[in-house]
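In this text, all values refer to a predicted model and were calculated from it rather than measured experimentally. Sequence positions, counted from 1, serve as the residue numbers for this chain.
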Amino acid sequence: MVPKSDQLLIVVSILEGRHFPKRPKHLLVVEAKFDGEQLATDPVDHTDQPEFATELAWEIDRKVLHQHRLQRTPIKLQCFALDPQTSAKETVGYIVLDLRTAQETKQAPKWYQLLSNKYTKFKAEVQISLTLETDTKAQVDSYKAKAAPPRDGKVLASLAGVDPKDIVAVLNEEGGYHQIGPAEHCTDPFILSVTIAFATQLEQLIPCTMKLPERQPEFFFYYSLLGNDVTNEPFSDLINPNFEPERASVRIRSSVEVLRVYLALHSKLQIHLCCGDQSLGSTEIPLNGLLKKGSTEINQHPVTVEGAFTLDPPNRAKQKLAPVPLDLAPTVGVSVALQREGIDSQSLIELKTQNGHEAEHSQKRVLTPIKEKTLTGPKSPRESPAPPPPPNQTPPTKDDATESEVESLQYDKDPKPTVKGIGSVPASLAQPEATCGASEVVTSGQKIAVPAASHHFCFSVDLRSVHDLELSFPVNCILRYSYPFFGSAAPIMTNPPVEVRKNMEVFLPQSYCAFDFATMPHQLQDTFLRIPLLVELWHKDKMSKDLLLGVARIQLSNILSSEKTRFLGANGEQCWRQTYSESVPVIAAQGSNNRILDLSYTMTLEDYGLVKMREIFVSESSQGVPAVDQKPSSPPPAPCPSEIQMEPRETLEYKAALELEMWKEMQEDIFESQLKQKELAHMQALAEEWKKRDRERESLVKKKVAEYSILEGKLQKALTELETREQQLASAETELQRERKELQLERERNLQELQDSVRRARDDCVYQVELERLKLKQLEEDKQRLQQQLNDAGNKYKALEKEFQQFKDQQNNKPEIRLQSEINLLTLEKVELERKLESATKSKLHYKQQWGRALKELARLKQREQESQMARLKKQQEELEQMRLRYLAAEEKETVRTEQQELLDIRNELNRLRQQEQKQYQDCKEIASGKLGSPRGSGLEEGLDDYLTRLIEERDTLMRTGVYNHEDRIISELDRQIREVLTKNSAS
């Protein structure tokens, strides 16, 4: 449990604001978010100076606070405008607080301006204070923020009790490691290391418009490893970056499951190429592939993620930069390794056990190119020098691709490597000595004890040639191998590269190498039987990174079964030599195990017998040009006069002069040789500088060519678009001319048609006027004729009226006057009867309307019944539809027939009325003439006609309702009554 004094409170005091706009219908709320936990203030009025007066606090302990400060975890405050009616939230702006500025001492509040301010015309500010307070009170729930939402990442079943947000890397300063996960469960030690080995095409990251510092700029790689800022040694040449590969390592205490979850949460490692405080490009290394689910590789050997990763310039999408070709893309070689602490030493102990009782002294390999950095705290490696590696560090295996590339970079500088050093594997180690190409000798100043049973061996291998290439493209190959048993883990390579094509055999330059070492014969035999010599075939290309094509396995035990030949050593001792030659296939390193080519080699093993010396001194002096005694001879003394006269050439003067001349000549030769060596060194330096400048110019030319090709593509695209637009404009112009001509022709044609139509209309008008004039003339003539007829008819009417008046006067004087009065009485009765008939007719009409409504209601009820029947009988729907159509047709037909019948009735009524008028006229005549009969017969006939008319109307009314048809009983009864009335009428 954390002590009470280590419990802290991060207190954010939000006091007030200023320069806000007034919004009476809105409220202001400030939400603060830290490490996934969110707190909010109470809503306040949206005025120009809102008063928040709120403190927000998070509980935290010192270690977690330290970790958050290393990771630069921010505290983000967001301001919202809240509408209480609709509950809508509008983002006003935000403020980011740096946790590193929080102190335990009381600090004065500061004004912070809102970023991404919605109110662009107002510079809204909030007064905030950020402090740390010691949590001396008991834990109160009101101080606790609500639980943060679970972060992304799958948690295994075994980690059900661990919250992913608690899985952070906490530095243990006393132990010098980072703790990931609960300390009581996660106790397995691990080592996470990152190696930056090489970089290529870095000049592509600098655009032509970018200005670098006037002084020589320094570039370096930067990344953050578990919160520790790491940078490598700066370099100044982007075209040929020359920096030593460096490895940064951190110690971790965790478990495999927790570490897998942590790597899933922090799945990417960003590496930046920087110049000062500016990032020129970056790349991301995926870390979630180190520990795969269900994999146990970490328990056997280190797991790695390595390769050449492409560096992308910042804001490539924003700048809309064109993609760079793959052969010109800037890359950085990175290797990320994760291993259990101590797994290498365990494997080395197992190897020693298998090899027998081998040497207890283990020495780091010679010429290792990788610098070690051990990160135990947040301090930058540039501020404190990296500690040297431990003396018992074992060299990496040959399968480590990154170190192979690093070593190839280091040894490319020396085309004739001299392998010298102390062997690390043989137990009885004598003076190991290897010659490769040149006859240089390197010794060490160490004193090493050699057992008496050790033999002095000399093993030489000559990679003679390669032939029978199976690839479709030529290979610019070098061969590379390493065998630590011979005393050095440094790789041996052929140089320079040779080009190999199909159906040709190529002899390899500088392919012979000899190793002098001391060991016991049974150890030599056991090692040769167990460990073959792996020869790697590499393809070198100036424009890209070296490519491993394949590996050839040379079984060294074959030489042990070859025939031995005897020879005498330098001191006359008896020695043995065994020689073996063979061709082996080179198998592809990736993909299927296909043969690439064949390698012919010769190996020789010489046994010089027991080692006589028990202690060997090794020095590091190298013998180059043979030393010449440069001590000048003193001039010879003058001869004594008492000496006897001798030959001139026998005199001391002559000999002294001759010796002086020979010394002068020798000094001239030495001086000339030194001048030649200096000249050769200067020429080599000039050649190297020329090659370097040539490579720089070539890379710059390639970069310019790439940029110009991109610009040319854009220009070509723009020209194509312009040509297309020009063609479109030309075609549009042609179409416009054609349409203009068509419109002109159409206008002329319409104008001609309009003129023709006007002319025709004028002619028609003239003709119509003439016709109207003729008609008017004819009408006037008809008018005159009719006027004449009217005058004649008027005269006749006056004459008839006079005659009728005379006749009336005559009749008034006759006895028929009484009859006329009776006629008048009868007429009054007739009028009364007609009035009664009209009322009866109206009652009948009302009855008909009521009857029709009842029939319609009955029809609706019947229709509803039919619809219910149709719902029950869906199968007869089509038949009912056809019946309905027939019924509609019959109804239409019946309507037409009814209308015809009504017309016929009207015609009959007109005829009847005409007949009545004629009959009345005749009755009048008969009355006037005294021949008037009994009116009862005519009254009976009129009653039958009215009755018949009423029956026909009732039948037609019933038929029009659509409820009845001719087979119904009531319709049949009406038809019968109509027939009877017609029979009676005809009989009367």
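- The side-chain heavy atoms of Asp541 and Leu547, taken from C-beta on, include no pair separated by under 4.5 Å.
- Atom CZ of Arg553 has 12 or fewer neighbouring heavy atoms from other residues, nucleotides or ligands inside a 6.0 Å radius.
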Take Phe459 and Phe485 through the ring pair (Phe, Tyr, Trp, His ring centres under 6.0 Å) test and state the conclusion after the steps.
CA-CA 11 Å; Phe459 182 86; Phe485 179 77; 9.7 Å; no
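- Shortest non-hydrogen contact noted between Ile478 and Met493 is CD1-SD, 4.2 Å.
- Under a 3.5 Å cut-off, the side chain of Asn232 and the backbone N or O of Phe221 do form a donor-acceptor pair.
- Considering Leu463, Thr494, Ile554 as possible partners of Tyr481, the one that fulfils the side-chain contact (heavy atoms from CB on, under 4.5 Å) test is Leu463.
- With values rounded to the nearest 0.5 angstrom, Trp538 atom CH2 is found 9.0 Å from Leu549 atom CG.
- One distance of note links CZ of Phe567 with CD of Gln574; it measures 10.0 Å at 0.5 Å rounding.
- Across every non-hydrogen atom of Ser482 and Pro491, the tightest pair is CB-CA, 4.0 Å.
- A 4.5 Å side-chain heavy-atom check between Ile180 and Ile167 finds at least one atom pair inside the cut-off.
- Shortest non-hydrogen contact noted between Lys564 and Trp576 is CB-CE3, 3.9 Å.
- The backbone N or O of Cys186 lies less than 3.5 Å from no partner atom in the side chain of Ser254, so there is not a single donor-acceptor pair.
- To the nearest 0.5 angstrom, Leu597 atom CG is 7.5 Å from Arg595 atom CZ.
- Remark: the backbone N or O of Ser562 is paired with a side-chain donor or acceptor of Gln578 at under 3.5 angstrom.
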From CA spacing to verdict: side chain to side chain contact (heavy atoms under 4.5 Å, CB included), Asp188, Arg340
CA-CA 8 Å; Asp188 297 340; Arg340 286 184 179 273; 3.6 Å; yes
Is there a side chain to side chain contact (heavy atoms under 4.5 Å, CB included) between Ile298 and Phe190 once you walk through the steps?
CA-CA 10 Å; Ile298 189 68; Phe190 297 91; 4.0 Å; yes
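- Closest heavy-atom contact between Glu606 and Arg577: OE2-NE, 3.0 Å.
- Under the 6.0 Å cut-off for aromatic ring centres, Phe486 and Phe517 qualify, their centroids lying closer than that.
- Closest heavy-atom contact between Leu225 and Ala248: CD2-O, 4.0 Å.
- Leu226 and His178 get closest at one heavy-atom pair: O-NE2, 3.8 Å.
- Here the side chains of Leu311 and Phe309 are not in contact, with every heavy-atom distance at 4.5 Å or above.
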Given the rule in the side chain to side chain contact (heavy atoms under 4.5 Å, CB included) test, do Leu479 and Leu537 qualify, once you have shown the distances and angles that lead to the verdict?
CA-CA 5 Å; Leu479 296 181; Leu537 175 66; 3.6 Å; yes
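- The line from OG of Ser557 to OH of Tyr580 is 9.0 Å long, rounded to the nearest 0.5 Å.
- Proximity of a side-chain donor or acceptor of Asp462 to a complementary backbone N or O of Thr602 within less than 3.5 Å is not detected.
- One distance of note links CG of Leu192 with CD of Glu341; it measures 12.5 Å at 0.5 Å rounding.
- Going from atom CZ of Phe457 over to atom CE of Met520 covers 10.5 Å, rounded to the nearest 0.5 Å.
- A 4.5 Å side-chain heavy-atom check between Arg253 and Pro189 finds at least one atom pair inside the cut-off.
- Paired with Leu338 under the rule side-chain contact (heavy atoms from CB on, under 4.5 Å), one option of Thr304, Ile191, Leu259 passes, and it is Leu259.
- Here the side chains of Val466 and Leu508 are in contact, with some heavy-atom distance below 4.5 Å.
- Side-chain contact check for Ser581 versus Ser600: every heavy-atom pair is 4.5 Å or farther apart.
- Judged by distance alone, the side chain of Glu505 and the main-chain N or O of His467 form no donor-acceptor pair under 3.5 Å.
- Counting non-hydrogen atoms of neighbouring residues, nucleotides and ligands closer than 6.0 angstrom, the CD atom of Glu499 exceeds 12 such neighbours.
- Residues Tyr608 and His455 are not in side-chain contact: their nearest non-hydrogen atoms beyond the backbone lie 4.5 Å or more apart.
- For the pair His539/Asn476, a side-chain contact is recorded, criterion being any heavy-atom separation below 4.5 Å from C-beta on.
- Side-chain atoms of Tyr483 come within 3.5 Å of backbone N or O of Ile531 as a donor-acceptor pair.
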Do Ile196 and Phe243 pass the side chain to side chain contact (heavy atoms under 4.5 Å, CB included) test, and can you show the C-alpha distance, the side-chain angles, and the key distance before you say yes or no?
CA-CA 10 Å; Ile196 299 180; Phe243 59 89; 4.1 Å; yes
